[in-house]
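Remarks on the structure that follows.
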2 protein chains.
Amino acid sequence: MSNYKTIDPEEFAEIFKALSNPNRLKIFTLLASCCIPGTVSVLDSDDTACVGDLGRELDIVKSTVSHHIKELRRVGLIRTRRDGQKILCWVDPDLVNALREFFAF
Amino acid sequence: MSNYKTIDPEEFAEIFKALSNPNRLKIFTLLASCCIPGTVSVLDSDDTACVGDLGRELDIVKSTVSHHIKELRRVGLIRTRRDGQKILCWVDPDLVNALREFFAF
DNA sequence: CTTATTGTTCGATATATGTCGAACTATAAA
DNA sequence: TTTATAGTTCGACATATATCGAACAATAAG
């Protein structure tokens, strides 16, 4: 694991912190599993809103979902784009790749 | 990322939480970079104590290091073994592999 | 323009966490 | 047995966080 010396501990700690909350991790995994990396995320094929759908899926109020989305976006794990009333979300494949390499021997 | 559906969010969130503290992440990376996976960890070739060495390296008191070691061990990221007065630490390669797969597309 | 829908921001609150120093335990050395 | 070294546990404190509901903002529909 020689690459461990090259990472910024503060930055990576922030990323792991973003994944340390169960609901936030579920949001991340939902987004990761429902979309092709690099493309816009949808929970079903009807192109529904991310924040609302995620809240309904996880049974948490939208203000909490919005807060979690903001945090995931802040550390770079996901990206967002407005489409009408809805905010579409998807995972950033580059950061996911960096995380996979972090755990590579 | 089809494997995202199979993980336990609570368990993985705990693991990420263990890595979410900068000092704890530094301990993990020090252990990961200084030892061959599966073997006993040493910071230098003199087989010195892990807790004391880590504390000196990171400039934090031993009670804090001990607390962090306990947390890393609780979630399975590291393993420990007593050797005389010293507690030797090393990373668990299986869990590191699982984390790498978690971020695999 | 008015109403409905979607998402954000704010304030409050309860809970968790990181850190330290002091006291204690365990092992080794003299 | 006494002393030294290494690590753990405990109590305390300050700080951060997760969550909710209410109020607000933006966009769409009528």
Side-chain angles (χ1 to χ4, degrees), chain A residues 9-10 12-28 30-31 40-44 46-75 77-90, chain B residues 9-10 12-28 30-31 40-44 46-75 77-90:
Chain A
E10 312 292 334
F12 270 68
E14 289 270 285
I15 295 168
F16 290 131
K17 187 164 66 183
L19 297 174
S20 74
N21 175 265
N23 280 330
R24 218 152 41 211
L25 181 60
K26 287 174 191 169
I27 290 172
F28 175 78
L30 277 174
L31 292 176
V40 173
S41 159
V42 288
L43 269 184
D44 52 33
D46 297 324
D47 196 51
T48 48
C50 270
V51 173
D53 284 351
L54 293 167
R56 252 165 267 127
E57 184 77 19
L58 303 174
D59 201 36
I60 47 184
V61 299
K62 58 186 180 175
S63 61
T64 301
V65 176
S66 178
H67 171 246
H68 287 326
I69 291 284
K70 192 177 176 182
E71 190 62 17
L72 289 169
R73 194 159 60 94
R74 188 181 68 81
V75 303
L77 278 166
I78 68 171
R79 293 175 167 276
T80 62
R81 174 172 69 82
R82 177 177 281 277
D83 180 26
Q85 295 167 287
K86 304 178 179 179
I87 304 291
L88 304 181
C89 315
W90 67 96
Chain B
E10 312 291 334
F12 269 67
E14 289 270 287
I15 295 168
F16 290 131
K17 185 163 67 181
L19 297 173
S20 74
N21 175 264
N23 280 330
R24 218 150 43 211
L25 181 60
K26 287 173 190 169
I27 290 172
F28 175 79
L30 277 173
L31 293 176
V40 172
S41 160
V42 289
L43 269 185
D44 52 31
D46 298 322
D47 198 50
T48 48
C50 270
V51 174
D53 283 350
L54 292 168
R56 252 166 266 126
E57 183 78 19
L58 302 175
D59 201 36
I60 47 182
V61 300
K62 58 184 180 178
S63 61
T64 301
V65 175
S66 179
H67 172 245
H68 287 326
I69 291 286
K70 193 177 177 182
E71 190 62 16
L72 289 169
R73 195 159 59 92
R74 187 180 69 81
V75 302
L77 278 166
I78 69 171
R79 294 177 167 275
T80 63
R81 174 172 68 82
R82 175 176 283 278
D83 179 25
Q85 294 167 287
K86 305 179 180 179
I87 304 291
L88 304 181
C89 314
W90 67 95

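Quick caveat: nothing in here was measured; it's all calculated off a predicted structure. Here is how names work: the chains are called A, B, and so on, in the same order as the sequence lines, proteins then strands, and each is numbered from 1.
Atoms CG (D59(B)) and P (dG18(C)) sit 18 Å apart, rounded to a whole Å. Between N23(B) atom CG and dT17(C) atom P the separation is 16 Å, expressed in whole Å. Residue L54(A) contributes atom CG, which lies 12 Å from atom C1' of dG7(C) at whole-angstrom precision. In this structure, the CG atom of D83(A) is 18 Å from the P atom of dA26(D), given to the nearest Å. Remark: C1' of dT27(D) and CZ of R81(A) are 15 Å apart, rounded to the nearest angstrom. In this structure, H68(B) places its NE2 atom 8 Å from P of dC20(C), rounding to the nearest Å. Separating the CZ atom of F16(B) from the P atom of dT17(D) is a distance of 18 Å, rounded to the nearest angstrom. Here the C1' atom of nucleotide dG18(C) and the CZ atom of R74(B) are 15 Å apart, to the nearest Å.
The main-chain N or O of A13(B) is never found under 3.5 Å from a side-chain atom of R24(A) such that the two would form a donor-acceptor pair.
Residues meeting the side chain to side chain donor-acceptor pair (under 3.5 Å) test with R74(A), sequence neighbours left out: E14(A), E71(A).
Nearest heavy-atom pair across V75(A) and L72(A) is CG2-O, 3.4 Å. Taking each heavy atom of L58(B) and N23(B) in turn, the nearest pair found is CD1-O, 3.9 Å.
Distance CZ/F12(A) to CZ/F28(B): 11.5 Å, rounded to 0.5 Å.
Here the side chain of I60(B) is nearest to one of dC20(D), dT17(D), dC20(C), namely dC20(C). Listed nucleotides: dT19(D), dG7(C), dT17(C). Nearest to the side chain of I87(A): dG7(C). Nearest nucleotide to the side chain of K86(B), out of dG7(D), dT6(C), dA22(D): dG7(D). Out of dT8(D), dC20(C), dT5(C), the shortest distance to the side chain of Q85(A) is found at dT5(C). In this structure, of dC20(C), dC20(D), dT6(C), it is dT6(C) that holds the atom nearest to the side chain of K62(A). For R24(B), the side-chain atoms get nearest to dG18(C) when compared with the rest of dT9(D), dG18(C), dT27(C). Here dT19(C) is the nucleotide among dT19(C), dT19(D), dT6(C) with the atom lying nearest to any side-chain atom of H67(B).
Remark: K70(A) is in phosphate contact with dT9(C), judged by side-chain N or O atoms under 4.0 Å from OP1 or OP2. Side-chain nitrogen and oxygen atoms of T64(B) include none within less than 4.0 Å of the OP1 or OP2 phosphate oxygen of dG18(C). Between N21(B) and dA16(D) there is no side-chain N or O to OP1 or OP2 distance below 4.0 Å.
Taking the nucleotide of DNA chain D with the nearest heavy atom to each of S20(A) and R82(B), the more 5' of the two is matched to R82(B).
Scanning atom types as modelled, no donor and acceptor separated by under 3.5 angstrom connect the side chain of S66(A) and the base of dG7(C).
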